[in-house]
Amino acid sequence: MPKRIGVLTGGDDCPGLNAVLRAVVKTAIIKYGYEVIGYKDGYKGLVMNNFVKLKSSDVSGLLDKGGTILGTSNIDDPFNFKIEKDGAIEYKDMSDRIINNLEMFGVDCLVTIGGDNTLRRARDFSRKGLNVIGIPKAIDNDISKTEMTFGFMTAVETATEAIDKLHTTAESHHRVMILEVMGRHAGWIAIEAGIAGGADVILIPEIPYDINKVAQKIMERKNEGKGFSIIIVSEGARAIGEETEDTADRNNSRHARLGGIGNKIAEQIENLTSIDTRVTVLGHLQRGGRPVPYDRILSTRFGVEAVELINREEYGKMVTLQGNRVVAVPLEEVVDTLKTIQPDSELINIAKSVGVSFGI
Ligand code: F6P
C-alpha cells in the first residue's frame with residue numbers, strides 16, 4: 001500500500017541533515033512509491049501546518065550541502081508551545097491538534113530527525129499513538145543507544161583542523177592556545193579532536209578538572225623545552241566543585257547556553273604560569289558546511305533504514321548504529337539519558353598513555 005510520510009528536522013542543525021532527507025525521500029519514492037511531505041522549521045511546521053511536498057528532484061544535489069532545506073528550530077516544543085497574543089505569552093500543548101492535522105491529511109508516519117529533545121517529543125507522540133520513526137543527529141554525539149550520530153565526524157574534522165592551525169602559531173610565539181569546542185554535557189568533540197590534533201590538555205565535562213594540575217602540565221612542558229601548549233576544552237567542562245558556565249539570559253531563553261569556559265581558564269593559566277595565553281572559540285563553525293564522507297554515508301544509511309522500518313510498519317523506533325550495523329531500537333530506550341564518555345573508557349586511557357593531561 002502506498003503511504004504518505006511526513007518528515008521534519010528538529011533541534012540544532014548539523015552537517016548531514018540534507019543528506020538524510022535525500023535518503024528518506026529517494027528511498028520512499030524510488031523504492032516504495034510513497035509520497036513524502038516535509039514540515040518546515042521542525043515541530044513548528046507541524047503546529048502551523050506548514051509543509052511542502054517533496055519530490056525526488058527536490059533532494060537532488062544535497063549530499064554535500066550543510067544545514068537543512070526544511071529549516072529547523074531548537075525552541076519550539078509541540079507539547080509546550082509558545083504563543084504570543086496581544087502582547088501576552090502563554091504555553092499550550094498542541095500535540096492533539098497536530099495528531100488531528102496529520103490524520104486529516106492522511107499522513108501514515110512521521111519521521112523526526114533530531115537530537116535528544118526532538119527524539120523525546122517523538123517518543124511522546126508515539127505514546128499518544130502516532131506512527132513515528134526517529135533518526136538521531138548531533139554534532140555532540142550524545143544520543144544514547146547509537147555508537148555515532150551523523151554530524152559528529154564533521155565537527156571533529158573542523159576542530160582538528162583548528163588545532164593543527166593553532167599548533168603552528170602557538171609554537172612560533174611560545175604561547176598557550178586554548179580551543180573551546182561545543183558538545184554540551186558530553187566531551188566527545190573535545191576528546192576525539194584533542195587526540196587527533198595532539199592536544200596537551202583535554203578538558204571535558206565528564207572529568208572535572210583542577211586548574212593547578214593544568215598549569216602544572218604546562219610548566220612541565222616548558223621545563224622540557226616546549227614553551228607552547230595546546231588545550232582543548234569542551235564548553236561543558238567545569239572545575240572540581242563548580243557548575244558549568246551558562247551564559248543564557250533567563251528572561252529570553254528557557255535553555256542553557258554553554259560557553260565562556262575558554263576565557264575563564266585562560267586568565268587563570270596566565271596568572272599561574274605567566275605564559276601568554278590566547279583563546280579561540282570555534283562556535284557554530286562546527287555545525288556548518290559540507291559533511292565529511294563518513295557523515296554523508298551514515299546519514300544515507302540512517303535515512304534508508306528509516307524508510308525500511310516504515311515499510312515493515314515497525315513504528316516507535318529510532319535507527320541506530322550498533323557494532324557498525326544499522327539497526328533499530330525503541331524510542332522509549334533512547335531518550336532521557338545522554339551518552340557521555342566513561343572516565344575509564346579506552347579513549348581516555350589512550351590519551352593518558354600518550355601524555356595528555358585531563359587536569360586531574
Ligand atoms: O547541540 C548542538 C550545539 O551546537 C551544542 O554543542 C551547543 O551547546 C548548542 O548546540 C548551541 O546552540 P545554539 O545554536 O542555540 O547557540
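All values below were derived from every heavy atom in this structure, side-chain atoms included, with hydrogens, water molecules and symmetry-related copies excluded. Indexing begins at 1, ligand by ligand and atom by atom, following the structure's order.
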Item to check | Residue-ligand contact Gly115/ligand 1, heavy atom below 4.0 Å | outcome: no
Next on the checklist: Tell me whether His284 reaches ligand 1 (any heavy atom closer than 4.0 angstrom to a ligand atom).
Outcome noted: yes
Item to check | Heavy-atom neighbours of Lys3 NZ exceed 12 at 6.0 Å | outcome: yes
Next on the checklist: Please give me the minimum heavy-atom distance between Pro15 and Gly288, naming the atom from each residue.
Outcome noted: CG-O, 4.0 Å
Next on the checklist: Is there a side chain to side chain contact (heavy atoms under 4.5 Å, CB included) between Ile133 and Tyr315? Walk through the geometry before answering.
Outcome noted: CA-CA 6 Å; Ile133 298 293; Tyr315 300 120; 4.1 Å; yes
Checklist entry - At what distance is the nearest protein heavy atom to atom 3 (C) of ligand 1, and which residue and atom is it? => result Arg287 NH1, 3.5 Å
Next on the checklist: Check this for me - ligand 1, Asp12, N or O atoms closer than 3.5 angstrom, yes or no?
Outcome noted: yes
Checklist entry - Does ligand 1 have any atom that is closer than 4.0 Å to a heavy atom of Asn74? => result yes
Checklist entry - Which atoms from ligand 1 have a heavy atom of Ile139 less than 4.0 Å away? => result 4 (O)
Checklist entry - Is Asp140 touching ligand 1 with its side chain, its backbone, both, or neither, if touching means heavy atoms under 4.0 Å apart? => result side chain
Checklist entry - Using a distance-only test with no angle check, is there a side-chain donor-acceptor pair under 3.5 angstrom linking Tyr32 and Glu308? => result yes
Checklist entry - Taking the inter-plane angle between the rings of Phe105 and Phe51 on a 0 to 90° scale, is it parallel (under 30°), tilted (30 to 60°) or perpendicular (over 60°)? => result tilted
Item to check | Mutual orientation of the aromatic rings belonging to Phe125 and Tyr43 [parallel < 30°, tilted 30-60°, perpendicular > 60°] | outcome: tilted
Next on the checklist: For the 3.5 Å polar cut-off, considering only N or O atoms, please tell me whether Gly183 and ligand 1 meet it.
Outcome noted: yes
Next on the checklist: Can you confirm whether Lys339 is buried at NZ, in the sense that more than 12 heavy atoms of other residues, nucleotides or ligands lie under 6.0 Å from that atom?
Outcome noted: yes
Checklist entry - Are the charged groups of Asp336 and Arg120 less than 4.0 angstrom apart, N to O? => result yes
Checklist outcome for this item: min-distance protein heavy atom vs atom 8 (O) of ligand 1 -> Glu235 OE2, 2.6 Å
Checklist entry - So which protein heavy atom does atom 9 (C) of ligand 1 come closest to, and at what separation? => result Arg184 NH1, 3.6 Å
Checklist entry - Side chain or backbone of Gln286 under 4.0 Å from ligand 1, or both, or neither, by non-hydrogen atoms? => result neither
